[in-house]
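See below for the structure under consideration.
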Amino acid sequence: MKMSIIEALEKLAEINNYEEILVKLKDDDEPTPIDLEIDDIRKLADDPDQTFDLIVTEYTIRELDENGNEKLGEPLYKVVK
């Protein structure tokens with residue numbers, strides 16, 4: 001599904017009933033509260049509204065390939081509770 005990273009993080013928060021959850025960027029060692037991650041993207045991204053083919057589950061945000069299948073490897077974000 002085409003969505004921005006911010007939309008995907010907001011959906012992840014919704015799926016987790018807006019509980020205080022921490023997310024971890026795939027290359028980042030420090031978990032971050034999801035609301036701070038959204039704020040950082042809004043402030044720092046060149047184009048925070050850029051869309052990607054993403055799938056959001058209860059525990060991850062993953063990219064989809066051109067055929068609509070989940071890309072192998074690490075997720076973009078994962079929930080750390």
Side-chain angles (χ1 to χ4, degrees):
M1 168 184 241
K2 285 272 191 195
M3 66 180 83
S4 70
I5 297 294
I6 292 172
E7 290 170 321
L9 286 167
E10 288 171 342
K11 182 154 184 78
L12 187 65
E14 180 183 329
I15 290 170
N16 283 280
N17 297 316
Y18 298 98
E19 293 176 18
E20 184 64 32
I21 60 174
L22 301 175
V23 292
K24 187 172 170 181
L25 187 59
K26 66 179 179 178
D27 295 325
D28 186 9
D29 291 332
E30 291 297 317
T32 306
I34 197 165
D35 55 338
L36 292 179
E37 188 67 26
I38 291 169
D39 289 343
D40 284 349
I41 292 170
R42 282 192 176 117
K43 292 177 192 172
L44 303 174
D46 291 332
D47 182 5
D49 295 323
Q50 180 180 3
T51 61
F52 304 91
D53 281 329
L54 304 173
I55 185 168
V56 181
T57 66
E58 184 177 358
Y59 299 108
T60 65
I61 297 173
R62 292 186 170 273
E63 280 189 279
L64 299 175
D65 65 17
E66 59 278 350
N67 296 318
N69 300 314
E70 290 181 31
K71 287 187 178 179
L72 300 176
E74 289 288 316
L76 293 177
Y77 284 93
K78 55 186 165 183
V79 173
V80 181
K81 289 192 176 187

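Heavy atoms only: backbone and side chains are in, while hydrogens, waters and symmetry mates are out.
Note on Leu25 and Leu36: separate hydrophobic clusters, where clusters join Ile, Leu, Val, Met, Phe, Trp and Tyr whose side-chain heavy atoms are under 4.5 Å apart, directly or indirectly. The hydrophobic clustering, which links ILVMFWY residues whose side-chain heavy atoms are closer than 4.5 Å, places Ile41 and Val80 apart. Tyr18 and Ile21 are not part of a single hydrophobic cluster, where members link through side-chain heavy atoms under 4.5 Å apart.
Taking all atoms of both residues into account, the shortest heavy-atom contact from Leu54 to Ala8 is CD1-CB, 3.8 Å. When all heavy atoms of Pro48 and Ile6 are compared, the pair lying nearest together is CB-CD1, 3.8 Å.
Of the inter-residue distances, the one linking Asn69 atom CG with Glu63 atom CD reads 13.5 Å to the nearest 0.5 angstrom. Glu70 CD to Leu72 CG: the interatomic distance, rounded to the nearest 0.5 Å, is 9.0 Å. With values rounded to the nearest 0.5 angstrom, Arg62 atom CZ is found 12.0 Å from Lys71 atom NZ. Between the CG atom in Asp40 and the CG atom in Asp35 there is a gap of 10.0 Å [rounded to 0.5 Å]. Separating the CD1 atom in Ile5 from the CG atom in Leu76 is a distance of 5.5 Å, to the nearest 0.5 Å.
For Gln50, the side chain to side chain contact (heavy atoms under 4.5 Å, CB included) partners at least two apart in sequence or on another chain are Asp47, Phe52. Listed by chain and residue number, Arg42 satisfy the salt bridge (Lys or Arg N to Asp or Glu O under 4.0 Å) test with Glu10 (two or more places apart in sequence, or in another chain). Asp39 meets the side chain to side chain donor-acceptor pair (under 3.5 Å) test with no other residue; sequence neighbours excluded.
Counting heavy atoms from C-beta on, the side chains of Tyr77 and Glu37 come closer than 4.5 Å.
Chaining together hydrophobic side chains whose heavy atoms lie under 4.5 Å apart places Leu64 alongside Ile55.
Screening residues 51-60 for side chain to side chain donor-acceptor pair (under 3.5 Å), with sequence neighbours left out, gives Thr57-Thr60.
Judged by distance alone, the side chain of Asp65 and the main-chain N or O of Gly68 form a donor-acceptor pair under 3.5 Å.
Evaluated for a side chain to side chain contact (heavy atoms under 4.5 Å, CB included) with Pro33, the options Ile38, Leu22, Val23 yield exactly one hit, Leu22.
Counted within 6.0 Å of CG on Leu44, heavy atoms from surrounding residues, nucleotides or ligands total more than 12; the atom is thus considered enclosed. No more than 12 heavy-atom neighbours from other residues, nucleotides or ligands sit within 6.0 angstrom of CG on Asp46.
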